Colleague: 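Below are the structure tokens for one structure; questions will follow.
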Amino acid sequence: MAHTDHPTTKGQAWFCTTGLPSDIIIEVEDMAFHLHKFPLMSKSRKLHEMITEQETNASSSKIQKPAERDNDCDGDEEIEEEEDNEEDQQYCISFPDFPGGSETFETAAKFCYGVKIELSASNVAPLRCAGEYLEMTEEYSEDNLISKTERFLSQTVLKSIKDSIRTLNSCKNILPLAETLGIVQRCIDAVAVRASAADPSLFGWPVNDHGPGNGVEANTRRKGANKGGGMDSWFEELGHLSLPLFKRLISAMKSRDLSSEVIESCLMYYAKKYIPGISRSSRKASSSSIPSENEQRELLETIITNLPEETSSRTSTTTRILFGLLRTANILNASEAARAALERKIGSQLEQATLDDLLIPSYSYLNETLYDVACVERILGYFLNGLEERSTARIQGEEENISVRSTALMLVGKLIDGYLSEIASDNNLLPEKFCELAVALPDQARLFDDGLYRAVDVYLKAHPWISEAEREQICGVMDCQKLTLEACTHAAQNERLPLRAVVQVLFFEQLQLRQAIAGTLMVADVNPEEIPRLSIMDGREGEGEGGEQEETTGVVGMARAQEGSSTWRKTVRENQVLRLDMDSMRTRVQELERECSSMKKVIQKIDKVGKHGSNGGREGGGGWRKKLGCKFKTQVCDSHEPTVVEAKKGRGHRHQHQ
């Protein structure tokens with residue numbers, strides 16, 4: 001009979017054209033199915049009972065014929081019409097809550113008619129629930145729908161992660177019955193078991209941001225994953241799950257001690273699909289339907305809560321996504337606990353961050369700065385606390401980890417210096433905030449303070465109105481001994497720096513020159529004539545038995561002697577140049593001291609004359625300062641005194657007093 005069935009749909013009605021008129025109408029949702037009762041009754045116990053009940057009720061509710069009937073032709077015609085109406089009577093059954101809706105019932109009806117149906121991971125769960133709803137058991141009819149769907153579930157679906165997730169996703173609209181039948185739990189357990197046995201190297205690519213230049217690499221990796229076992233697309237299926245089912249799946253993964261990298265990758269992919277703005281490269285969510293703000297907040301807090309505490313994958317991509325989650329948490333006003341957990345997670349891998357990641361906009365009206373400096377300061381605190389904890393818990397055999405920690409600390413130091421340079425131009429950034437973040441790092445985080453000097457210079461340039469004391473406070477965050485020669489040269493000519501800082505730079509620059517000269521003089525203590533001799537002696541130590549070896553050794557010795565002699569001549573020349581530079585600098589400093597002393601005497605004379613002058617409407621000794629535009633008490637720099645002049649433009653007026 002299967003080859004004669006040609007179902008058709010007309011409007012909201014579904015017809016099975018077998019050449020016989022339909023005798024039963026089954027309404028599912030807004031669809032009316034015009035079917036035949038005998039095929040349905042042969043497979044479904046529930047339909048058999050409902051149709052039988054309607055037939056019984058119809059026969060008992062027949063209108064009794066009148067006791068006396070006329071014997072004319074009209075009476076006979078009425079009897080014949082009643083018999084025809086009984087034969088053409090149709091029964092109607094309604095299933096308002098049928099699992100899977102009209103589409104699933106249509107497939108079940110075809111199965112009753114003997115039509116071969118195609119089972120898949122998407123329809124097997126609704127059909128299993130439909131079979132349970134219609135009581136299509138094996139006891140009632142052999143090879144029925146329940147047994148057929150159960151075999152497909154156990155033998156095909158549950159052996160694949162991808163199919164298990166698809167089936168799990170199809171359960172979201174049939175949850176009460178699917179939960180009772182255990183389909184949901186079986187799919188979750190299958191995914192957790194299969195994921196724990198999979199290769200963790202296949203879980204990294206879905207969370208990566210593949211730009212236009214990385215498309216070939218991404219395709220190559222996907223093809224390799226296909227050959228390895230078809231693990232390339234189950235992340236995409238994971239993104240279709242509803243949030244309650246996704247939470248249950250992640251809980252099952254964590255209960256089975258799954259790799260933190262796998263769990264983290266699942267969470268990252270799911271977050272990128274439904275939360276817009278996670279990645280700066282794509283501001284729109286991957287999903288076509290964007291959840292509401294409350295749903296996004298719930299989803300975000302779920303992602304943050306389930307993030308593994310241990311650092312699983314120290315990659316810049318993972319760190320970038322974590323910063324995206326943090327920005328979204330600030331926008332959605334997530335709970336303080338969620339934001340603190342996210343900041344702690346970021347702090348554990350801060351060395352993988354970039355400057356663009358740290359530039360978190362300030363979304364609070366209470367914060368006047370452009371970027372959220374307090375947030376970065378907290379993240380840096382978590383990073384330093386983590387380093388201290390790891391150093392405290394260090395055991396023997398971790399010498400390698402010590403170098404890794406020092407490298408991470410220096411990377412973060414460079415990152416913070418760049419961040420300070422970016423935020424230094426903000427007019428609302430207070431000097432105290434700038435200094436707190438600058439001195440938060442330990443001394444070993446910076447080999448050189450050139451980056452910090454650049455940030456100080458930018459801050460002083462953007463804040464010309466700050467007081468002299470605040471300028472000295474800002475400059476106090478850098479160590480002048482750790483400035484390179486280029487930075488020292490720039491700082492010595494920088495008019496924005498206070499005079500104290502400039503003198504410190506010159507002093508330490510002179511100290512570095514003295515140390516360099518002292519090192520050169522120590523080398524000069526060795527007699528130049530001894531260098532070739534030592535080189536030749538070193539060459540002769542390897543003389544062997546053969547004459548060829550003696551000749552080769554002699555040549556090597558002569559080459560070493562010549563090289564040592566040239567190196568010595570070069571060192572002597574550099575020493576002479578340094579001596580000349582030192583002499584010229586010493587001469588210049590003495591000239592400056594003499595000029596300062598003469599200026600000091602002249603100023604004292606002027607002050608004395610002003611004090612003894614007439615008081616007839618004239619200002620005292622401070623009048624000459626006002627004429628010259630000086631608003632402070634004049635002090636003079638002395639290279640032998642521990643303090644330095646606070647006058648900012650004292651050096652600029654030096655030639656005017658000569």
Side-chain angles (χ1 to χ4, degrees), residues 204 206-211 213-214 261 264-265 267-269 271-272 275-285 300 303-304 307-332 334 338-364 367 369-387 407-426 429 433-434 436-438 440-441 445-446 451-452 454-455 458:
V207 298
N208 294 338
D209 294 329
H210 295 294
N214 296 334
E261 184 177 356
E264 191 175 79
S265 298
L267 293 170
M268 296 298 181
Y269 189 89
K272 287 179 64 177
I275 302 178
I278 295 296
S279 176
R280 292 193 173 186
S281 59
S282 57
R283 293 296 185 180
K284 296 182 180 180
L300 181 64
I303 298 294
I304 297 173
L307 281 174
E309 295 182 0
E310 63 275 10
T311 303
S312 56
S313 55
R314 291 179 176 269
T315 61
S316 58
T317 303
T318 305
T319 308
R320 188 183 308 117
I321 297 176
L322 290 175
F323 273 101
L325 290 174
L326 182 58
R327 288 191 296 269
T328 306
N330 292 333
I331 295 174
L332 297 176
R339 280 184 280 186
L342 196 54
E343 291 173 357
R344 192 178 297 108
K345 176 72 174 176
I346 294 173
S348 65
Q349 53 193 58
L350 184 59
E351 68 275 10
Q352 294 294 334
T354 61
L355 179 59
D356 188 56
D357 296 331
L358 288 183
L359 298 177
I360 305 173
S362 178
Y363 299 102
S364 175
N367 197 353
T369 56
L370 180 62
Y371 297 109
D372 197 345
V373 182
C375 178
V376 175
E377 194 172 356
R378 290 194 300 269
I379 293 174
L380 180 59
Y382 289 130
F383 170 78
L384 296 175
N385 291 337
L387 284 183
T407 303
L409 184 60
M410 293 177 64
L411 287 173
V412 172
K414 183 178 179 181
L415 180 66
I416 294 299
D417 288 348
Y419 179 74
L420 286 171
S421 299
E422 287 293 329
I423 66 173
S425 58
D426 190 349
L429 181 63
K433 276 292 181 184
F434 181 89
E436 287 176 3
L437 186 58
L441 284 169
R446 300 181 179 96
L452 194 55
R454 180 177 180 273
V458 173

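All values below come from the heavy atoms of this structure, side chains included, with hydrogens, waters and symmetry mates left out. Note that this is a predicted model, so its numbers are computed, not measured.
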Colleague: Indicate the atoms forming the closest heavy-atom contact of L452 with A438, along with that distance.
Modeller: CD1-CB, 4.0 Å
Colleague: With rounding to the nearest 0.5 Å, note down the distance linking CG in D356 to CD in E422.
Modeller: 9.5 Å
Colleague: Within a strict 4.5 Å, meaning less than it, do heavy atoms of the L441 and L384 side chains meet?
Modeller: yes
Colleague: For C375 and E343, which heavy atoms make the closest approach, and how far apart are they?
Modeller: SG-OE2, 3.5 Å
Colleague: Any chance you could measure I379, atom CD1, to I346, atom CD1, to the nearest 0.5 Å?
Modeller: 4.5 Å
Colleague: Checking I321 against K272 for the side-chain contact (heavy atoms from CB on, under 4.5 Å) test, could you report, in this order, the C-alpha distance in whole Å, the side-chain angles of both residues, the deciding distance, and whether it holds?
Modeller: CA-CA 8 Å; I321 297 176; K272 287 179 64 177; 3.8 Å; yes
Colleague: Calculate, to the nearest 0.5 Å, the distance between atoms CG and CG belonging to L420 and L437 respectively.
Modeller: 4.5 Å
Colleague: Would you find more than 12 non-hydrogen atoms of other residues, nucleotides or ligands less than 6.0 Å from R378 atom CZ?
Modeller: yes
Colleague: State, to 0.1 Å, how close L326 and I360 come at their nearest heavy-atom pair, and which atoms those are.
Modeller: CD2-CD1, 3.7 Å
Colleague: May I ask you to test the I423-T369 pair for a side-chain heavy-atom distance under 4.5 Å?
Modeller: no
Colleague: Quick one: OH on Y363 to CG on L332, what's the gap to the nearest 0.5 Å?
Modeller: 10.0 Å
Colleague: Can you check whether P308's main-chain N or O pairs, donor with acceptor, with K345's side chain at less than 3.5 Å?
Modeller: yes
Colleague: Per the side chain to side chain contact (heavy atoms under 4.5 Å, CB included) rule, which among L411, L358, V376 passes with L350?
Modeller: L358
Colleague: Do you know which two heavy atoms are closest between Y382 and G347, and how far apart they sit?
Modeller: CB-CA, 4.3 Å
Colleague: For a quick test of reading the model, state the closest non-hydrogen atom pair linking A329 to L300 and the distance between them.
Modeller: CA-CD2, 3.4 Å
Colleague: Considering all heavy atoms of both residues, which atom of F434 and which atom of A424 are nearest to each other, and what is their separation?
Modeller: CE1-CB, 4.1 Å
Colleague: Tell me which one of L409, L415, T407, V412 satisfies side chain to side chain contact (heavy atoms under 4.5 Å, CB included) with E351.
Modeller: V412
Colleague: If the condition is side chain to side chain contact (heavy atoms under 4.5 Å, CB included), which residues does L370 pass it with, not counting sequence neighbours?
Modeller: D426
Colleague: Which of these passes side chain to side chain contact (heavy atoms under 4.5 Å, CB included) with Y419: L380, D357, L359?
Modeller: L359
Colleague: With sequence neighbours excluded, tell me which residues meet salt bridge (charged side-chain N to carboxylate O under 4.0 Å, His left out) with R339.
Modeller: E336
Colleague: Should R454 and D417 be marked as a side-chain contact (heavy atoms from CB on, under 4.5 Å) after you check the CA-CA gap, both sets of side-chain angles, and the distance that decides it?
Modeller: CA-CA 8 Å; R454 180 177 180 273; D417 288 348; over 6 Å; no
Colleague: Got I416 and F383 here, is their nearest side-chain heavy-atom distance under 4.5 Å?
Modeller: no
Colleague: Would you mind reporting whether T318 and M268 have side-chain heavy atoms less than 4.5 Å apart?
Modeller: yes
